[in-house]
Amino acid sequence: MSQRYEIRFSGAGGQGLILAGVIMAEAASIYDGKQAVQSQSYGPEARGGASKSEVVISDAMIDYPKATVVDALLALTQEAADKYSHDLKEGGVLLIDSDLVKKVPAGNFKTVAFPIINTAKNEVGREIVANIVALGAMVALTNVVTKESAEKAVLARVPEAFIELNKKAFQMGFDKAVAAKA
Amino acid sequence: MAKKVAFLQGNEAAAQGALYAGCKFFGGYPITPSTEVAEVMSVELPKVGGKFIQMEDEIGAMASVIGASLTGAKSLTATSGPGLSLKQELIGYACIAETPVVIVNVMRGGPSTGMPTGPSQSDVMCAKWGTHGDHAAICLTPASVQELFEETVRAFNLAEKYRMPVMVMPDEIVAHMRERIVFPEPGELEVIDRTAPSVPPAEYKPYDTRFGDVPPLAGFGSEYRFHVTGLNKAEDGFPTTKATLVQAEEERQIRKVDANVDDIVQFEEYLCDDAEVAVVAFGSTSRSARFAVNEARKQGIKAGLFRIKTFWPFPEKQIKALGAKVKGIITPEMNLGMCTGEVKRVVEGQAPVTGIFRVDGEPINPGQILEKIKEVK
């Protein structure tokens, strides 16, 4: 892969999407030995408002750090799905939370849907790990970083007491995406 | 031993660069999008015997770094546009009192409080003309996380070497994005410390030109006693209105930078040798430009990139030479023509200069630049 691969994590401020992007980029850059840049844009609010975190991964030097045509997009809210799906590339992947994105953006891309936040809340046990559930799913859907590297990157970022919780969240997201894709 | 690597944010890298350079004092007032610089310094400075203080406002913060620097501590503050405006009075003080300080200013939308989380490149003129009076200016505009680390080290070096304030101005994109950084080993990058006085305390004068245009600076509070003022001063540091002294002092301060432009100015030329169209850009916009130049080359257009690393002093002779050999110059920037005006000034009509300006909080994307390259070629 010498070309750019572009991933966008979007949703509302406070959902941990910037962190999800950081972990994805760290998996690529530190553990997989690729080039990666993570950037973000968000409103002045600490919570709410549309928020996005972008990751560009490549084997070659990355110049423009933002997305140009998005290969894979996560949208955790309807607002994010509406606002950020316009530059999703043909044949790309769209992952949405099936409870929160009812109006699925139209386009020539593959849409994968499952209740991401509900999975975190009721199956993993804490809503706060929804970003890690989503990350696990994005790792499964994009194949751009190895699962091992992504898991290492997750664990390096979380406090000791929450390692099991995050492991579970990551694995559950990964498995659900594989099942939903099939 | 393998070098230490990390996946760092630009602002974090600036703080790490300051620590590498030996910074021992941070005085600041938090402001988006620069706050992470203060955050890291507040955690790290106590570990190296340094001091961190959050002041009552940006003016106080600027005053605190001047005071700390005069005692001998390499000093840093970090801010963004509105804070930079507030600091201007004291930046002038640092200029006239010839005090080494480093100011990291992360550019967000303006004027006034503008767009706090939106990227911009509209503070570059404020770096030179923000404070009143004739004074020299050094302003560095890094384009990557690694470079933000390295340029912060260089900013300290220049501040100490030339006894003056130096600004590091990443745009919000460079300051907030994350990339892999390879930490230089101690000693790998040059670290310059200020020259200590060689005369005994009784003979010491803080602006003693027998030692050249950059007189040695003693530590305030040591056995060396001296006077510091914002007024035009004689060599002993006390105010003077004597015409010949004031004229000479002002000219010397400008000369510190003017006579050393080649030591200070850094730039990068990419595919410029045979270029017919040159893009002149800085900061994150230069990364869009590089993408566009590569695309143009794929389409058979001879495009090149001149990346400004040192915005002040402006790379005048290099850009003038560029203007003499290309058919056209394109200047994309996240403001309404600040760099474009400088490029036009130095190119002196040798080649048409076409700007691309954006102030809507969005970066200039490679497509916009490519389109313009095709128009100009």
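Letters go in sequence order (proteins before strands), and every chain restarts at 1.
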Exercise. So B:R290 and B:E295, salt bridge (Lys or Arg N to Asp or Glu O under 4.0 Å) or not? Walk me through it.
Worked result: CA-CA 9 Å; B:R290 193 181 165 105; B:E295 286 300 313; over 6 Å; no

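- If you measure heavy-atom distances from B:A143 to chain A, you find no contacts under 4.5 Å at all.
- No other option in A:A36, A:S39, A:S53 has as many heavy-atom pairs under 4.5 Å with chain B as A:A36.
- Per-residue counts of heavy-atom pairs under 4.5 Å with chain B were compared for A:Q40, A:E54, A:Q38; the largest is that of A:Q38.
- Checking A:R4, A:K110, A:K89 one by one against A:D71, the salt bridge (Lys or Arg N to Asp or Glu O under 4.0 Å) holds for a single residue, A:K89.
- For a residue to count as touching a neighbouring chain, one of its non-hydrogen atoms must lie under 4.5 Å from one of that chain's; by this rule A:S41 does not touch chain B.
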Got a list of side-chain donor-acceptor pairs under 3.5 Å for residues 123-140 of chain A, not counting sequence neighbours?
{"unit_1": "A:E123", "atom_1": "OE1", "unit_2": "A:K176", "atom_2": "NZ", "d": "3.2"}
{"unit_1": "A:E123", "atom_1": "OE2", "unit_2": "A:K176", "atom_2": "NZ", "d": "2.6"}
{"unit_1": "A:N131", "atom_1": "ND2", "unit_2": "A:G16", "atom_2": "O", "d": "3.0"}

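- How far CG of B:L148 is from CD of B:E179: 10.0 Å, rounded to the nearest 0.5 Å.
- Neither the backbone nor the side chain of B:L305 comes within contact range of chain A; no heavy atoms are under 4.5 Å apart.
- Taking the centre and axis of the six-membered ring of B:F267, the NZ or CZ atom of B:K309 falls outside the cone set by 45° and 6.0 Å.
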